[in-house]
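Take a look at the structure below.
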Amino acid sequence: MGEGFGRYRLNDEALLATVTSASIACGFHAGDPVVMRETVASALTRGVRIGAHAGYPDLVGFGRRDLAVTPSEVEAIVVYQIGALQAVCAAAGARLRYVKPHGSLYNRAARDAATADAIARAVRSVDSSLILLGLARSALIEAADRVGIRSVSEAFVDRAYRSDGSLVPRTEPGAVLTDVGAVADRALRMVETGTVLAADGSVVRVRAESLCVHGDDRDAAAIVRAVRTRMEQAGVSVAPFAQD
């Protein structure tokens, strides 16, 4: 969330009315200081937990291009972005609770141990109480365990999976799911059975401690509402993973 900048804005208010946690852009792949302040203030008012959505320094590519960045540079840019949002939170009387990498940095950290370790070290060096949010069964979750910080595994309700548990790249057809009802059904299956159907029809095990919907998707608000409604109808409690 908070992925607008300058005069460009996304409809974050519609999402903040329904979600329990918001990963807020920190100015590298999207966002700017004004948008960061506005989004933090709105999240605080609604009781939504706040996370730093740290990405590659790539406004033009929205952080979805893989850059030739070394692990040392990854550690530095993640520290920088956490610090920026942490300051915005402090000024608003809010608390930063977690860190989630964005886009291509997230995907790289899911499979590359050196990148994952760099992110985990960055989080620990700023505040070891911060939670690292990452793809279930990925290198990022393992890195958090290695450096001694808490991790939370997430699953993606609006993205297609491969049979190995990774996400289908956005460059491939069908990578982003848009059928609101089908996505809601899929989300409930993830929670109740711990599985998801991959693009090839195979069954993949996932640990869904948190469910992600991408805020820049056209139907994001409708998907979030449908997922939450489906959970509540099934008697599933919806709550933030970062508790007071």
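- Screening L96, V78, V79 against V126 for a side-chain contact (heavy atoms from CB on, under 4.5 Å) leaves a single residue, V79.
- Listed here is the closest heavy atom pair of A120 and A144: CB-N, 4.1 Å.
- To the nearest 0.5 Å, atom CG of residue L140 and atom OG of residue S151 are 8.0 Å apart.
- Residues meeting the side chain to side chain donor-acceptor pair (under 3.5 Å) test with S125, sequence neighbours left out: none.
- Formation of a donor-acceptor pair under 3.5 Å by the R65 side chain with backbone atoms of G63 is not found in this model.
- Legend: residues meeting side chain to side chain donor-acceptor pair (under 3.5 Å) with D32, ordered by chain and number and at least two apart, are absent.
- The side-chain heavy atoms of R46 and V19, taken from C-beta on, include no pair separated by under 4.5 Å.
- Although no hydrogens or angles enter the test, the distance criterion places no donor-acceptor pair under 3.5 Å between the side chain of D217 and the main chain of D219.
- Shown here for R205 and T193, the closest heavy-atom pair between the two residues is NH2-O, 3.6 Å.
- Atom OH of Y80 sits in a sparse spot, with 12 or fewer heavy atoms from other residues, nucleotides or ligands closer than 6.0 Å.
- With R159 contributing its side chain and V176 its backbone, the two residues share no donor-acceptor pair below 3.5 Å.
- Counting non-hydrogen atoms of other residues, nucleotides and ligands closer than 6.0 Å to CZ of R207 gives a total of 12 or fewer.
- Judged purely by atom type and a 3.5 angstrom limit, E232 has no side-chain atom pairing as donor or acceptor with the backbone of T229.
- For F62 and H102, the gap between ring centers is short of 6.0 Å.
- Taking a 6.0 Å sphere around CZ of R64, one finds it holds more than 12 heavy atoms contributed by other residues, nucleotides or ligands.
- Under the ring-ring contact (aromatic ring centres under 6.0 Å, His included) criterion, Y106 pairs with F156, not counting sequence neighbours.
- Using a 4.0 Å cut-off between charged nitrogen and carboxylate oxygen, K100 and E154 count as a salt-bridge pair.
- The shortest heavy-atom contact between V40 and A92 is CG1-CB, 3.9 Å.
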If you look only at distance, which donor and acceptor atoms sit under 3.5 Å apart when one is on a side chain in residues 21-28 and the other is two or more places apart or in another chain?
from: S23; atom 1: OG; to: Y98; atom 2: OH; distance (Å): 2.8

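- Closest approach of A160 to R186, counting heavy atoms only: CA-NH2, 3.8 Å.
- Annotation for G2 and V35: closest pair O-CG1, 3.4 Å, computed over non-hydrogen atoms.
- In this structure, R111 pairs ionically with D66, as a charged nitrogen and a carboxylate oxygen lie closer than 4.0 Å.
- Nearest heavy atoms, V180 versus A226: CG1-CB, 3.4 Å.
- Here salt bridge (Lys or Arg N to Asp or Glu O under 4.0 Å) pairs that include residues 88-97, with residues two or more places apart or in two chains, are R97-D244.
- Applying the side chain to side chain contact (heavy atoms under 4.5 Å, CB included) rule to V191 yields the partners L211, M231, V236; only residues at least two apart in sequence or on another chain are considered.
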